[in-house]
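Below is one structure, written out as structure tokens; comments come after it.
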2 protein chains.
Amino acid sequence: MMHDEVVSRLRHVLTEGEIPPGARIPERELCASFAISRTPLREALKVLAAEGLVVLLPNRGSRAAKLTRKDVKELFEVCEALEAAAGELACPRISDAQLREIAELQASMVEHYRAQDLLSYYRCNRLIHEAIVRAADNAVLAGFYESIAARIRRARFITPMSPEHWTLAIQEHEGILNALQRRDAGGLAHILRNHLRRKREEVVRAGFAEGE
Amino acid sequence: MMHDEVVSRLRHVLTEGEIPPGARIPERELCASFAISRTPLREALKVLAAEGLVVLLPNRGSRAAKLTRKDVKELFEVCEALEAAAGELACPRISDAQLREIAELQASMVEHYRAQDLLSYYRCNRLIHEAIVRAADNAVLAGFYESIAARIRRARFITPMSPEHWTLAIQEHEGILNALQRRDAGGLAHILRNHLRRKREEVVRAGFAEGE
DNA sequence: TGGAACCATTTTGAATGCAAAAATGATCTA
DNA sequence: TAGATCATTTTTGCATTCAAAATGGTTCCA
């Protein structure tokens with residue numbers, strides 16, 4: 001198995017919640033389940049520790065990182081800056097095909113909203129944001145965004161969504177698509193910032209705390 | 001030796017130019033010079049590969065990453081967003097002591113400019129930018145900034161600086177300090193963006209290319 | 001009975017060993 | 001002599017091993 005694949009799989013295990021935040025990471029079990037030895041697994045753990053998904057306690061093993069309130073605040077602050085930058089860069093760079101793709105995603109997202117299908121809604125939402133970042137055509141930015149998003153995702157997963165927020169989020173997304181289509185970089189950046197700020201409040205309000 | 005220390009030392013070896021970009025990383029030599037075995041060194045290599053300082057070629061060892069023109073462009077684009085965000089966040093958060101510290105750094109930087117001491121100037125410049133990021137009080141942002149700056153630094157080190165650019169940079173820094181003192185978040189973000197954009201042009205103009 | 005001290009077990013972090021892949025270079029052929 | 005082929009050496013990636021540290025449990029004594 002490729003090194004990057006181990007990192008990806010481990011990241012998936014951590015982000016998609018199979019190991020809850022704060023829990024010990026069972027080195028031996030994961031070795032068995034990935035069918036690799038401790039060496040490559042430990043390499044992957046160090047990489048994810050550098051990313052902030054894992055905390056390494058010297059001589060006491062590794063744990064899935066907990067998100068403190070401050071972490072959430074910091075992650076959202078940076079995410080805001082990155083998404084706004086992505087939006088600004090995407091406006092002049094986005095292709096018509098990419099624009100169509102986002103419009104389609106937007107349409108199905110609205111469908112899921114109508115059907116009150118939260119999970120499918122989240123999936124579309126995520127795909128749209130990722131598509132915007134991709135349209136910015138900046139690998140460094142995309143990497144950082146992925147890393148931030150992975151950490152935030154866990155927090156968002158556990159927050160319920162109030163009907164008002166949901167409606168508002170849909171409206172904001174209309175604005176995002178609109179700004180993209182008009183190639184209004186400044187406007188898009190502004191909307192994305194507000195969008196993120198609201199999401200952040202939502203997460204924080206949801207009484208979010210995994211411990212400090 | 002602590003794991004993080006190996007990463008730091010290796011990062012230093014790579015960024016401060018002891019191993020030129022594109023060069024093979026001599027695993028055995030580094031093991032000897034750090035007095036460690038291959039396992040912890042390889043762990044550090046994977047971490048730095050995730051950071052983008054090292055490229056791992058499967059079964060063909062690791063090399064110090066080369067910066068292509070596109071890399072430089074991408075790094076500066078992200079750096080712009082991060083520094084602007086840092087400036088915005090720093091304005092309401094910066095303490096008087098931190099402000100004084102930056103003012104002092106600014107003063108000695110001007111001194112070095114007068115003395116045409118480029119190296120000392122660079123050092124002060126770097127410390128100022130780092131101080132602003134620190135004042136933003138956001139560990140995630142600081143981590144990303146450090147990672148970006150480490151990669152950019154090598155490019156900047158090899159670019160000479162024209163007298164006009166240097167004078168302009170000094171002027172921009174006056175503006176930066178001024179905006180900080182006035183706690184003008186928007187203004188500071190704007191100046192930092194321009195400042196970075198100019199630095200980027202400088203680097204690109206310097207015929208920068210380590211290869212594609 | 002409560003707690004401290006001690007020992008066995010487990011876990012961690014790093015060195016070493018081993019098999020597979022790549023680089024090197026020596027030989028052979030046209 | 002140039003190029004190809006194959007054996008040798010080196011390097012890489014991973015599994016295993018080993019020492020040190022932490023954990024857990026038991027015993028012993030106040």
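What's counted below: heavy atoms across the whole structure, side chains too, no hydrogens, waters or symmetry copies. Chain naming here is simple, since letters A, B, ... match the order of the sequence lines and numbering starts at 1 in each.
In summary, the side chains of His112(A) and Asn125(A) do not present any donor paired with an acceptor at a separation below 3.5 Å, with no hydrogens or angles considered.
Between Leu41(A) atom CG and dC14(D) atom P there is a gap of 12 Å when expressed in whole angstrom units. The distance from atom CE of Met2(A) to atom C1' of dC14(D) is 14 Å, rounded to the nearest whole Å. Residue Arg63(B) contributes atom CZ, which lies 10 Å from atom P of dT12(D) at whole-angstrom precision. The interatomic distance linking Glu5(B) (CD) with dG13(C) (P) rounds to 16 Å, in whole Å.
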For this session: Indicate for each nucleotide in nucleotides 7-12 of chain C, in 5' to 3' sequence, whether protein heavy atoms under 4.0 Å reach the base (B), only the sugar-phosphate (S), or nothing (-).
Result: ----SB

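Residues Glu101(B) and Arg134(B) form a side-chain contact, since some pair of their non-hydrogen atoms from C-beta on lies under 4.5 Å apart.
For a distance-only test at 3.5 Å, the side chain of Ser37(B) fails to qualify as a donor-acceptor partner of the base of dA14(C).
Judged as a side chain to side chain donor-acceptor pair (under 3.5 Å), the pairs with a partner in residues 25-41 of chain B (not counting sequence neighbours) are, in order, Glu27(B)-Arg38(B).
The pair Glu130(B)-Arg126(B) counts as a salt bridge, with a side-chain nitrogen and a carboxylate oxygen less than 4.0 angstrom apart. Using a cut-off of 4.0 Å between Lys/Arg side-chain N and Asp/Glu carboxylate O, Asp71(A) and Arg200(A) are scored as not salt-bridged.
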I'd like a table of donor-acceptor pairs (distance under 3.5 Å, sequence neighbours excluded) in which one partner is a side-chain atom from residues 136-145 of chain A, with atom names and distances.
from      : atom 1 : to        : atom 2 : distance (Å)
Asn138(A) : OD1    : Val140(A) : N      : 3.0
Asn138(A) : OD1    : Leu141(A) : N      : 2.9
Asn138(A) : ND2    : Glu74(B)  : O      : 3.3
Asn138(A) : ND2    : Glu77(B)  : OE1    : 2.8
Tyr145(A) : OH     : Glu83(A)  : OE2    : 3.3

